[in-house]
Amino acid sequence: MPNLHIIDHPLIQSKLTRMRDATTDSETFRRLLDELTAFMVYEITRAYPLREVTVRTPLETMTGRVLGVPVVLVPILRAGTGMLGGVLDLIPTAKVGHVGIYRDPKTLQPVEYYCKLPPDLARAQIIIVDPMLATGGSAVAATRIIKREGGRDVQFLCLVASPEGVSAYSAEHPDVPIYCAALDRELNAKGYILPGLGDAGDRLFGT
Ligand code: PRP
Ligand code: URA
């Protein structure tokens with residue numbers, strides 16, 4: 001799985017374990033997802049380019065450096081929105097696109113129902129966020145849409161991935177790195193990740 005990157009920082013793993021716990025309530029689950037996403041974003045932005053700017057300190061003028069690429073963040077509705085705050089806390093200038101996809105519970109096939117993306121995707125560093133990569137259908141479809149609209153430089157950020165999802169995603173989008181906090185064992189017959197954390201959307205929103 002050459003394009004899979006597992007971020008196993010101790011603070012990320014500790015928060016993920018609390019999120020997996022079935023007794024963790026929605027309020028805590030949301031807060032942990034927020035914090036965990038921020039830590040992950042810190043890691044995946046390490047190689048982003050910088051550009052030089054002139055800044056006047058209280059003492060003199062110097063050349064400083066700031067982020068040199070526009071960032072577009074694309075949460076996959078609905079659970080992906082739970083990761084928005086964590087990214088925007090660190091990259092407040094990011095533009096946000098939305099792709100609405102749900103997984104048909106019987107066929108497990110992705111169903112697209114909404115898409116609104118900012119312009120100039122071709123120049124942007126794009127981060128697609130969704131807590132779960134299960135069969136991979138939703139992430140594959142979202143990435144296909146973003147590429148169709150001109151996106152080129154894409155990262156996919158999730159919390160928990162399955163081997164099946166990573167294989168499916170890498171097969172269609174070998175150019176896109178996948179970042180996760182954990183690669184779990186397998187999918188069950190209903191397409192849920194084992195051991196996983198359950199239905200991310202339901203746990204986030206209390207549905
Ligand atoms: C969940 C999750 C992913 C998708 C992963 O969303 O947030 O988008 O399932 O499954 P896949 O890899 O097999 O496609 P869900 O379809 O439950 O929709 P929701 O976010 O609206 O709850
Ligand atoms: N979607 C989820 O929210 N959880 C899973 O385990 C699989 C798909």
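Here, residue 1 is the first one in the sequence, and each next residue gets the next number. Counting starts at 1 for both ligands and their atoms, in listed order. Just the heavy atoms: all of them, side chains too, but no hydrogens, waters or symmetry mates, feed the values below.
In this view, F39 and L11, I12, K15 satisfy the side-chain contact (heavy atoms from CB on, under 4.5 Å) rule, not counting sequence neighbours.
Contact between R20 and R203 at its shortest, heavy atoms only, is O-NH1, 3.6 Å. Pairing each heavy atom of I193 with each of L133, the nearest pair is CD1-O, 3.4 Å. The minimum heavy-atom distance between A134 and S162, with the atom names listed, is O-OG, 2.6 Å.
Between V96 and V74, every side-chain heavy-atom pair lies at or beyond the 4.5 Å cut-off. Here the side chains of D184 and L194 are not in contact, with every heavy-atom distance at 4.5 Å or above. L121 is not listed as a side-chain neighbour of K147, based on a closest heavy-atom distance of 4.5 Å or more.
For Y169 and F156, the ring centers are positioned less than 6.0 Å apart.
Closer than 4.0 angstrom to ligand 2 sit non-hydrogen atoms from R103, M132, A134, G191, Y192, I193, G198, D199, A200.
Counting Ile, Leu, Val, Met, Phe, Trp and Tyr side chains that sit under 4.5 Å apart, directly or through other members, L50 stands alone, with no cluster partners.
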For ligand 1, find each of its N or O atoms that sits under 3.5 Å from a protein N or O atom, and tabulate the pairs with distances to one decimal place.
from: ligand 1; atom 1: 7 (O); to: D130; atom 2: OD1; distance (Å): 2.8
from: ligand 1; atom 1: 8 (O); to: D130; atom 2: OD2; distance (Å): 2.4
from: ligand 1; atom 1: 12 (O); to: A134; atom 2: N; distance (Å): 2.9
from: ligand 1; atom 1: 12 (O); to: T135; atom 2: N; distance (Å): 3.1
from: ligand 1; atom 1: 12 (O); to: G136; atom 2: N; distance (Å): 2.8
from: ligand 1; atom 1: 13 (O); to: R103; atom 2: NH1; distance (Å): 2.8
from: ligand 1; atom 1: 13 (O); to: T135; atom 2: N; distance (Å): 2.9
from: ligand 1; atom 1: 13 (O); to: T135; atom 2: OG1; distance (Å): 2.5
from: ligand 1; atom 1: 14 (O); to: S138; atom 2: N; distance (Å): 2.9
from: ligand 1; atom 1: 14 (O); to: S138; atom 2: OG; distance (Å): 2.6
from: ligand 1; atom 1: 16 (O); to: R103; atom 2: N; distance (Å): 2.8
from: ligand 1; atom 1: 20 (O); to: R78; atom 2: N; distance (Å): 3.1
from: ligand 1; atom 1: 20 (O); to: A79; atom 2: N; distance (Å): 3.0
from: ligand 1; atom 1: 21 (O); to: R78; atom 2: N; distance (Å): 3.4
from: ligand 1; atom 1: 21 (O); to: R78; atom 2: NE; distance (Å): 3.2
from: ligand 1; atom 1: 22 (O); to: R78; atom 2: NE; distance (Å): 3.2
from: ligand 1; atom 1: 22 (O); to: R78; atom 2: NH2; distance (Å): 2.9

